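Positions are given from 1, in the same order as the sequence printed here. All figures in this text were calculated on a predicted structure; none of them were measured in a lab.
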Amino acid sequence: MSDDETPNDRAVTEAGARSSREDWLGLAIRLLVAEGIDHVKVQVMARQLGVSRSSFYWFFDSIRDLQDQMLDHWLRINTGPIIERALRPAETIGKAVCNIFECWVDTTLFRPDLDIAVRVWGRHEPRVRGVLDEADRQRVDALTRMFMRYDYAAEEAYTRARVLYYTQIGHFVLQVQESYPERLSHLRSYLLTFTGREPCDADMAALRRLSPAKV
(Lines give C-alpha, C1' and ligand atoms only; values in the text may rest on other atoms or scores of the structure.)
Protein backbone atom coordinates (compact mmCIF):
# COMPACT_ATOMS: atom_id res chain seq x y z
CA MET A 1 0.00 0.00 0.00
CA SER A 2 1.34 3.43 -0.90
CA ASP A 3 1.71 6.13 1.76
CA ASP A 4 -1.41 7.98 0.58
CA GLU A 5 -3.58 4.89 -0.10
CA THR A 6 -6.20 4.11 2.52
CA PRO A 7 -7.39 0.60 3.47
CA ASN A 8 -10.73 1.41 1.86
CA ASP A 9 -9.01 2.41 -1.39
CA ARG A 10 -7.16 -0.89 -1.38
CA ALA A 11 -10.34 -2.87 -0.74
CA VAL A 12 -12.12 -1.19 -3.64
CA THR A 13 -9.13 -1.82 -5.92
CA GLU A 14 -8.98 -5.50 -4.99
CA ALA A 15 -12.73 -5.90 -5.43
CA GLY A 16 -12.52 -4.28 -8.85
CA ALA A 17 -9.68 -6.59 -9.84
CA ARG A 18 -11.92 -9.63 -9.29
CA SER A 19 -14.46 -8.37 -11.81
CA SER A 20 -14.50 -6.23 -14.94
CA ARG A 21 -16.76 -3.73 -16.62
CA GLU A 22 -17.66 -6.43 -19.14
CA ASP A 23 -18.65 -8.82 -16.33
CA TRP A 24 -21.07 -6.29 -14.86
CA LEU A 25 -22.46 -5.17 -18.20
CA GLY A 26 -22.85 -8.70 -19.51
CA LEU A 27 -24.69 -9.78 -16.36
CA ALA A 28 -26.91 -6.70 -16.49
CA ILE A 29 -27.90 -7.53 -20.07
CA ARG A 30 -28.63 -11.14 -19.15
CA LEU A 31 -30.79 -10.07 -16.21
CA LEU A 32 -32.64 -7.54 -18.35
CA VAL A 33 -33.49 -10.21 -20.92
CA ALA A 34 -34.36 -12.95 -18.43
CA GLU A 35 -36.10 -11.02 -15.66
CA GLY A 36 -36.53 -7.37 -16.61
CA ILE A 37 -34.94 -4.09 -15.60
CA ASP A 38 -36.26 -4.30 -12.01
CA HIS A 39 -33.79 -7.12 -11.38
CA VAL A 40 -30.77 -5.14 -12.60
CA LYS A 41 -29.64 -4.08 -9.12
CA VAL A 42 -26.15 -3.62 -7.74
CA GLN A 43 -26.67 -5.92 -4.76
CA VAL A 44 -28.15 -8.70 -6.92
CA MET A 45 -25.32 -8.50 -9.46
CA ALA A 46 -22.58 -8.29 -6.84
CA ARG A 47 -23.87 -11.47 -5.22
CA GLN A 48 -23.97 -13.30 -8.55
CA LEU A 49 -20.48 -12.11 -9.47
CA GLY A 50 -19.12 -12.97 -6.02
CA VAL A 51 -17.72 -9.50 -5.40
CA SER A 52 -18.49 -6.62 -3.07
CA ARG A 53 -21.04 -3.96 -3.98
CA SER A 54 -18.31 -1.35 -3.84
CA SER A 55 -16.58 -2.89 -6.87
CA PHE A 56 -19.52 -1.77 -9.04
CA TYR A 57 -18.41 1.83 -8.55
CA TRP A 58 -14.98 1.00 -9.86
CA PHE A 59 -16.57 0.76 -13.32
CA PHE A 60 -19.78 2.80 -13.19
CA ASP A 61 -20.67 6.14 -11.63
CA SER A 62 -24.20 5.02 -10.77
CA ILE A 63 -26.94 2.58 -11.74
CA ARG A 64 -28.05 5.22 -14.26
CA ASP A 65 -24.57 5.09 -15.81
CA LEU A 66 -24.88 1.30 -16.13
CA GLN A 67 -28.31 1.64 -17.71
CA ASP A 68 -26.98 4.16 -20.22
CA GLN A 69 -24.21 1.75 -21.16
CA MET A 70 -26.75 -1.06 -21.51
CA LEU A 71 -28.69 1.08 -23.97
CA ASP A 72 -25.48 1.93 -25.85
CA HIS A 73 -24.73 -1.80 -26.08
CA TRP A 74 -28.22 -2.52 -27.42
CA LEU A 75 -27.96 0.27 -30.00
CA ARG A 76 -24.57 -0.95 -31.16
CA ILE A 77 -25.49 -4.60 -31.65
CA ASN A 78 -29.13 -4.28 -32.75
CA THR A 79 -29.23 -1.05 -34.75
CA GLY A 80 -25.72 -0.85 -36.19
CA PRO A 81 -25.96 -4.01 -38.35
CA ILE A 82 -29.34 -2.98 -39.81
CA ILE A 83 -27.99 0.40 -40.90
CA GLU A 84 -24.77 -1.16 -42.23
CA ARG A 85 -26.68 -3.66 -44.36
CA ALA A 86 -29.15 -1.05 -45.58
CA LEU A 87 -26.17 0.89 -46.94
CA ARG A 88 -24.54 -2.10 -48.64
CA PRO A 89 -24.38 -1.93 -52.43
CA ALA A 90 -26.65 -4.50 -54.12
CA GLU A 91 -27.60 -4.99 -57.76
CA THR A 92 -31.32 -5.30 -57.03
CA ILE A 93 -33.78 -4.32 -54.33
CA GLY A 94 -34.40 -8.04 -53.76
CA LYS A 95 -30.76 -8.56 -52.87
CA ALA A 96 -30.77 -5.41 -50.72
CA VAL A 97 -33.73 -6.69 -48.71
CA CYS A 98 -32.04 -10.08 -48.34
CA ASN A 99 -29.06 -8.24 -46.84
CA ILE A 100 -31.46 -6.90 -44.21
CA PHE A 101 -32.98 -10.35 -43.73
CA GLU A 102 -29.56 -11.55 -42.54
CA CYS A 103 -30.12 -9.49 -39.40
CA TRP A 104 -33.46 -11.18 -38.78
CA VAL A 105 -32.08 -14.72 -38.94
CA ASP A 106 -28.55 -14.34 -37.51
CA THR A 107 -28.57 -13.63 -33.77
CA THR A 108 -24.96 -12.43 -33.92
CA LEU A 109 -26.30 -9.48 -35.94
CA PHE A 110 -29.57 -8.83 -34.13
CA ARG A 111 -30.78 -10.16 -30.78
CA PRO A 112 -34.58 -10.36 -30.74
CA ASP A 113 -34.68 -11.23 -27.03
CA LEU A 114 -32.73 -8.10 -26.14
CA ASP A 115 -34.84 -5.93 -28.43
CA ILE A 116 -38.02 -7.16 -26.77
CA ALA A 117 -36.54 -6.63 -23.30
CA VAL A 118 -35.66 -3.01 -24.10
CA ARG A 119 -39.17 -2.44 -25.46
CA VAL A 120 -40.70 -3.76 -22.24
CA TRP A 121 -38.32 -1.53 -20.26
CA GLY A 122 -39.36 1.46 -22.35
CA ARG A 123 -43.02 0.98 -21.46
CA HIS A 124 -42.29 2.20 -17.93
CA GLU A 125 -39.49 4.73 -18.45
CA PRO A 126 -40.00 7.70 -20.80
CA ARG A 127 -36.23 8.22 -21.05
CA VAL A 128 -35.76 4.70 -22.41
CA ARG A 129 -38.79 5.01 -24.65
CA GLY A 130 -37.18 8.09 -26.16
CA VAL A 131 -34.01 6.15 -26.99
CA LEU A 132 -36.11 3.31 -28.38
CA ASP A 133 -38.18 5.63 -30.57
CA GLU A 134 -35.03 7.21 -31.96
CA ALA A 135 -33.56 3.79 -32.75
CA ASP A 136 -36.74 2.79 -34.57
CA ARG A 137 -36.61 6.07 -36.49
CA GLN A 138 -32.99 5.47 -37.52
CA ARG A 139 -33.74 1.92 -38.64
CA VAL A 140 -36.76 2.95 -40.71
CA ASP A 141 -34.84 5.90 -42.16
CA ALA A 142 -32.02 3.58 -43.27
CA LEU A 143 -34.52 1.23 -44.91
CA THR A 144 -36.31 4.15 -46.58
CA ARG A 145 -33.07 5.39 -48.09
CA MET A 146 -32.32 1.84 -49.23
CA PHE A 147 -35.60 1.64 -51.16
CA MET A 148 -35.07 5.10 -52.66
CA ARG A 149 -31.79 3.95 -54.20
CA TYR A 150 -33.86 1.60 -56.37
CA ASP A 151 -36.09 4.33 -57.80
CA TYR A 152 -39.00 4.13 -55.39
CA ALA A 153 -40.68 7.48 -54.80
CA ALA A 154 -40.05 8.92 -51.33
CA GLU A 155 -43.53 8.18 -49.94
CA GLU A 156 -43.58 4.65 -51.32
CA ALA A 157 -40.05 4.01 -50.05
CA TYR A 158 -41.06 5.18 -46.57
CA THR A 159 -44.20 3.03 -46.54
CA ARG A 160 -42.38 -0.07 -47.76
CA ALA A 161 -39.64 0.49 -45.17
CA ARG A 162 -42.23 0.69 -42.39
CA VAL A 163 -44.04 -2.43 -43.61
CA LEU A 164 -40.76 -4.36 -43.83
CA TYR A 165 -39.54 -3.24 -40.42
CA TYR A 166 -42.75 -3.36 -38.42
CA THR A 167 -43.66 -6.77 -39.83
CA GLN A 168 -40.41 -8.25 -38.58
CA ILE A 169 -40.53 -6.56 -35.17
CA GLY A 170 -44.07 -7.88 -34.81
CA HIS A 171 -42.80 -11.34 -35.74
CA PHE A 172 -40.32 -11.16 -32.87
CA VAL A 173 -42.78 -9.74 -30.34
CA LEU A 174 -45.28 -12.49 -31.16
CA GLN A 175 -42.43 -15.01 -30.84
CA VAL A 176 -43.52 -16.88 -33.95
CA GLN A 177 -41.94 -20.33 -33.96
CA GLU A 178 -40.77 -21.68 -37.30
CA SER A 179 -37.70 -23.47 -38.60
CA TYR A 180 -35.22 -21.83 -40.93
CA PRO A 181 -36.21 -24.08 -43.85
CA GLU A 182 -39.82 -23.03 -43.30
CA ARG A 183 -38.80 -19.36 -43.39
CA LEU A 184 -36.91 -19.94 -46.62
CA SER A 185 -39.92 -21.61 -48.20
CA HIS A 186 -41.74 -18.25 -48.05
CA LEU A 187 -38.75 -16.09 -49.03
CA ARG A 188 -39.75 -15.40 -52.63
CA SER A 189 -43.27 -14.39 -51.60
CA TYR A 190 -41.97 -12.12 -48.84
CA LEU A 191 -39.59 -10.38 -51.23
CA LEU A 192 -42.35 -9.87 -53.80
CA THR A 193 -44.68 -8.53 -51.10
CA PHE A 194 -42.13 -6.15 -49.59
CA THR A 195 -40.68 -4.82 -52.86
CA GLY A 196 -43.44 -5.24 -55.44
CA ARG A 197 -40.80 -6.72 -57.76
CA GLU A 198 -40.15 -10.33 -58.70
CA PRO A 199 -36.88 -11.53 -57.11
CA CYS A 200 -34.33 -13.68 -58.89
CA ASP A 201 -32.46 -16.69 -57.54
CA ALA A 202 -29.25 -14.68 -57.21
CA ASP A 203 -31.00 -12.29 -54.80
CA MET A 204 -31.75 -15.14 -52.42
CA ALA A 205 -28.56 -17.20 -52.77
CA ALA A 206 -26.70 -15.83 -49.73
CA LEU A 207 -29.62 -16.43 -47.37
CA ARG A 208 -30.00 -19.97 -48.65
CA ARG A 209 -26.33 -20.62 -47.90
CA LEU A 210 -26.50 -19.19 -44.39
CA SER A 211 -25.36 -21.74 -41.83
CA PRO A 212 -28.16 -23.14 -39.65
CA ALA A 213 -25.80 -22.64 -36.69
CA LYS A 214 -26.41 -18.91 -37.00
CA VAL A 215 -30.18 -18.98 -37.10
Side-chain angles (χ1 to χ4, degrees), residues 20-41 44-45 48-49 59-60 63-88 96-125 127-143 146 161-184 186-187 190 194 206-215:
S20 68
R21 173 187 170 278
E22 289 71 26
D23 292 333
W24 287 94
L25 182 58
L27 177 56
I29 293 294
R30 292 193 296 275
L31 286 171
L32 174 67
V33 170
E35 302 184 58
I37 193 62
D38 289 343
H39 291 266
V40 181
K41 298 182 181 297
V44 172
M45 291 187 291
Q48 292 195 26
L49 291 172
F59 306 107
F60 306 97
I63 194 70
R64 172 69 175 266
D65 181 28
L66 170 64
Q67 291 177 354
D68 287 344
Q69 294 194 39
M70 291 168 66
L71 289 171
D72 287 344
H73 173 82
W74 165 70
L75 287 168
R76 184 171 63 255
I77 69 169
N78 270 26
T79 297
I82 295 173
I83 294 174
E84 186 275 327
R85 276 161 176 72
L87 293 173
R88 276 189 182 179
V97 172
C98 281
N99 289 339
I100 299 297
F101 281 176
E102 290 182 14
C103 297
W104 306 152
V105 300
D106 185 344
T107 55
T108 67
L109 299 175
F110 184 93
R111 284 190 55 184
D113 57 350
L114 179 55
D115 220 62
I116 292 170
V118 172
R119 291 179 189 282
V120 172
W121 180 11
R123 292 174 188 168
H124 309 289
E125 291 197 32
R127 173 180 71 92
V128 176
R129 182 55 192 260
V131 175
L132 179 58
D133 288 347
E134 175 60 19
D136 284 336
R137 187 200 64 76
Q138 290 178 9
R139 295 172 186 181
V140 170
D141 179 67
L143 296 175
M146 178 189 75
R162 285 162 60 92
V163 170
L164 172 61
Y165 178 64
Y166 293 145
T167 297
Q168 187 57 52
I169 294 301
H171 187 282
F172 290 140
V173 171
L174 291 172
Q175 298 182 310
V176 176
Q177 300 296 313
E178 60 184 359
S179 67
Y180 190 54
E182 185 176 357
R183 295 188 201 183
L184 287 179
H186 303 299
L187 179 57
Y190 273 123
F194 289 138
L207 275 180
R208 288 175 170 163
R209 291 194 302 266
L210 191 63
S211 168
K214 285 190 173 185
V215 302

[X]: partners by side-chain contact (heavy atoms from CB on, under 4.5 Å), with sequence neighbours left out:
X: Gln67; value: Ile37, Ile63, Arg64, Trp121, Glu125, Arg127
X: His39; value: Glu35
X: Leu87; value: Ile83, Arg145
X: Val120; value: Ile116, Arg123

task: Taking atom CZ of Arg129 as the centre, report whether more than 12 heavy atoms of other residues, nucleotides or ligands fall under 6.0 Å from it.
output: no
Side-chain heavy atoms of [X] within contact of [Y], under 4.5 Å:
X: Val176; Y: Arg183; answer: no
X: Phe59; Y: Asp23; answer: no
X: Phe101; Y: Asp106; answer: no
X: Leu75; Y: Gln138; answer: no
X: Met146; Y: Asn99; answer: no
X: Ile82; Y: Gln168; answer: no

Distance (rounded to the nearest 0.5 Å) between [X] [atom1] and [Y] [atom2]:
X: Leu31; Y: Met45; atom1: CG; atom2: CE; value: 7.0 Å
X: Glu84; Y: Ile100; atom1: CD; atom2: CD1; value: 8.5 Å
X: Leu132; Y: Asp136; atom1: CG; atom2: CG; value: 5.0 Å
X: Thr108; Y: Glu102; atom1: OG1; atom2: CD; value: 9.5 Å
X: Trp74; Y: Thr79; atom1: CH2; atom2: OG1; value: 5.0 Å
X: Leu114; Y: Met70; atom1: CG; atom2: CE; value: 8.0 Å

- prompt: Would you say the side-chain atoms of Asp115 pair up with the backbone N or O of Pro112, donor to acceptor, closer than 3.5 Å?
  reply: no
task: Go through the structure and list residues passing side chain to side chain donor-acceptor pair (under 3.5 Å) with Asp38, not counting sequence neighbours.
output: none
- request: Give me the ring orientation class for His186 and Tyr190: parallel if the planes are under 30° apart, tilted from 30 to 60°, perpendicular past 60°.
  value: perpendicular
- request: Test side chain to side chain contact (heavy atoms under 4.5 Å, CB included) on Asn78 and Val118 and set out the steps.
  value: CA-CA 11 Å; Asn78 270 26; Val118 172; over 6 Å; no
task: For Phe60, enumerate each residue passing the ring pair (Phe, Tyr, Trp, His ring centres under 6.0 Å) test, keeping only those at least two apart in sequence or located in another chain.
output: Phe56
Considering all heavy atoms of both residues, which atom of [X] and which atom of [Y] are nearest to each other, and what is their separation?
X: Ala86; Y: Ala142; result: CB-O, 3.7 Å
X: Thr107; Y: Arg111; result: O-CG, 3.6 Å
X: Pro81; Y: Leu109; result: CG-O, 3.1 Å

Check: Phe172 ring centre within less than 6.0 Å of Phe110 ring centre: yes
message: Under the criterion salt bridge (Lys or Arg N to Asp or Glu O under 4.0 Å), I'd like the reasoning laid out for Arg76 against Asp72: C-alpha separation, chi angles, the key distance, then a yes or no.
response: CA-CA 6 Å; Arg76 184 171 63 255; Asp72 287 344; over 6 Å; no
